[in-house]
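One structure below.
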Amino acid sequence: MSHTIKLNEELGVIVLRAKRSMDVVEIKTAFEEMVHLPGFREGLSLVVDFRGSETPVSGPEVRRLAEYARRADAKWGTTKWAFLASADTAYGLSRIFMALTSEHQVETHVFRTLADANGWLGLGVNVDEILVRTPD
């Protein structure tokens with residue numbers, strides 16, 4: 001697998017780290033893994049760190065991921081997902097996903113840097129601290 005998923009129950013957040021290239025199949029698999037983690041519950045936040053990978057996903061595949069996210073929306077409840085994407089392609093695709101899911105319970109936002117993301121999740125802990133406190 002080219003990703004890791006860890007639940008930090010203390011902070012109420014799941015961290016998905018992409019280690020290498022993740023295609024649409026692996027992204028969907030990762031989303032399925034998250035909702036089946038022991039301790040998963042409605043209202044958890046999510047940090048998706050794409051900074052260490054490339055994501056060869058097309059526009060139509062992003063639409064399919066957004067549709068999949070709509071079906072999974074009820075499992076997550078009202079919460080926030082922060083995407084970290086420094087590469088232009090991953091950033092742009094995440095922005096498209098953000099637009100396509102704007103009506104979902106889950107609010108998504110994409111950031112290029114940790115500093116930009118800090119504070120957005122509203123957990124009282126900056127994203128850089130979340131990543132440190134949620135090791136692979």
Side-chain angles (χ1 to χ4, degrees):
M1 284 286 195
S2 59
H3 70 276
T4 60
I5 298 172
K6 296 292 178 183
L7 168 60
N8 186 317
E9 290 190 59
E10 175 191 351
L11 299 176
V13 65
I14 295 174
V15 175
L16 183 153
R17 287 181 175 93
K19 301 296 186 178
R20 295 185 304 274
S21 179
M22 286 182 75
D23 64 15
V24 69
V25 172
E26 188 171 0
I27 292 170
K28 285 179 80 171
T29 300
F31 278 101
E32 273 299 313
E33 289 174 34
M34 287 186 273
V35 298
H36 291 99
L37 287 171
F40 179 86
R41 63 189 180 281
E42 187 177 310
L44 288 173
S45 295
L46 174 64
V47 174
V48 180
D49 190 352
F50 284 123
R51 294 173 303 151
S53 73
E54 294 180 18
T55 308
V57 178
S58 68
E61 289 171 327
V62 170
R63 284 183 200 73
R64 286 199 305 272
L65 286 172
E67 177 59 27
Y68 173 79
R70 185 191 60 76
R71 292 190 308 270
D73 204 36
K75 294 176 187 172
W76 287 87
T78 302
T79 189
K80 292 182 175 183
W81 293 356
F83 295 103
L84 304 171
S86 53
D88 289 341
T89 302
Y91 182 82
L93 291 169
S94 296
R95 296 270 308 172
I96 292 168
F97 181 85
M98 191 173 89
L100 292 170
T101 60
S102 64
E103 301 297 318
H104 295 192
Q105 290 184 88
V106 174
E107 183 180 354
T108 60
H109 197 75
V110 60
F111 303 93
R112 286 195 183 268
T113 68
L114 293 174
D116 292 341
N118 283 338
W120 184 78
L121 288 172
L123 298 175
V125 179
N126 286 333
V127 172
D128 52 351
E129 181 68 16
I130 290 169
L131 294 173
V132 168
R133 291 174 57 182
T134 315
D136 287 343

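Residue numbers start at 1 and run along the sequence shown. Please read all numbers here as calculations on a predicted model, not as lab measurements.
- Atoms CE and NZ, from Met34 and Lys75 in turn, are 11.5 Å apart once rounded to the nearest 0.5 Å.
- Among the candidates Asp136, Thr4, Asp49, the single residue satisfying the side-chain hydrogen bond (donor to acceptor under 3.5 Å, both in side chains) test with Arg17 is Asp136.
- Thr101 contributes no side-chain N or O that, together with a main-chain N or O of Ala66, makes up a donor-acceptor pair within less than 3.5 Å.
- When hydrophobic clusters are built by joining Ile, Leu, Val, Met, Phe, Trp and Tyr residues whose side-chain heavy atoms come closer than 4.5 Å, directly or via intermediates, Val110 is not grouped with Trp120.
- The two atoms that bring Arg51 and Ala85 nearest to each other are CG-N, 4.3 Å, heavy atoms only.
- Closest approach of Ala99 and Ser102 over heavy atoms only: O-OG, 3.2 Å.
- Listed here is the closest heavy atom pair of Val106 and Gly77: CG2-O, 3.6 Å.
- Here the straight-line distance linking atom CG of Leu123 with atom CD of Glu129 works out to 12.0 Å at 0.5 Å rounding.
- When all heavy atoms are compared, the tightest approach of Met22 to Ser2 is CG-OG, 3.7 Å.
- For the atom pair Leu16 CG and Glu33 CD, the distance stands at 8.0 Å (nearest 0.5 Å).
- Side chains of Leu46 and Trp76 form a contact here, defined as non-hydrogen atoms less than 4.5 Å apart.
- The CZ atom of Phe50 lies 10.0 Å from the OG atom of Ser21; values are rounded to the nearest 0.5 Å.
- Using a distance-only test at 3.5 Å, with no hydrogens or angles considered, no donor-acceptor pair links the side chain of Asp128 to the main chain of Ala115.
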Working note: Asn8 + Val15, criterion side chain to side chain contact (heavy atoms under 4.5 Å, CB included); need CA distance, chi angles, decisive distance, verdict.
CA-CA 8 Å; Asn8 186 317; Val15 175; 5.9 Å; no
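- When each of Arg63, Arg64, Arg95 is tested with Leu100 by the rule side chain to side chain contact (heavy atoms under 4.5 Å, CB included), just one qualifies, namely Arg63.
- Using a cutoff of 4.0 Å between basic side-chain nitrogens and carboxylate oxygens, Glu67 and Arg70 are scored as salt-bridged.
- At a threshold of 4.5 Å between side-chain heavy atoms, the hydrophobic network of Ile, Leu, Val, Met, Phe, Trp and Tyr places Trp81 and Ile5 in one connected group.
- Between the OG atom in Ser45 and the NZ atom in Lys80 there is a gap of 8.0 Å [rounded to 0.5 Å].
- A heavy-atom distance below 4.5 Å is found between the side chains of Ile14 and Phe40.
- No chain of hydrophobic side-chain contacts below 4.5 Å, direct or via other Ile, Leu, Val, Met, Phe, Trp or Tyr residues, connects Leu37 to Ile130.
- Salt bridge present: Arg112 and Asp88 bring a charged side-chain N and a carboxylate O closer than 4.0 Å.
- Considering only heavy atoms from C-beta on, Leu131 comes within 4.5 Å of Leu114 through its side chain.
- The backbone N or O of Gly39 lies less than 3.5 Å from no partner atom in the side chain of Glu9, so there is not a single donor-acceptor pair.
- Both Val48 and Val25 are part of a single hydrophobic cluster, where members link through side-chain heavy atoms under 4.5 Å apart.
- Atom OH of Tyr91 is separated from atom CE of Met98 by 7.0 Å, given to the nearest 0.5 angstrom.
- Considering His104, Gln105, Glu42 in turn, Gln105 is the only one that fulfils the side chain to side chain contact (heavy atoms under 4.5 Å, CB included) rule with Thr78.
- Aromatic ring pairs are classed by plane angle as parallel below 30°, tilted from 30° to 60° and perpendicular above 60°; the pair Phe83 and Phe97 is perpendicular.
- At a threshold of 4.5 Å between side-chain heavy atoms, the hydrophobic network of Ile, Leu, Val, Met, Phe, Trp and Tyr places Leu93 and Tyr68 in one connected group.
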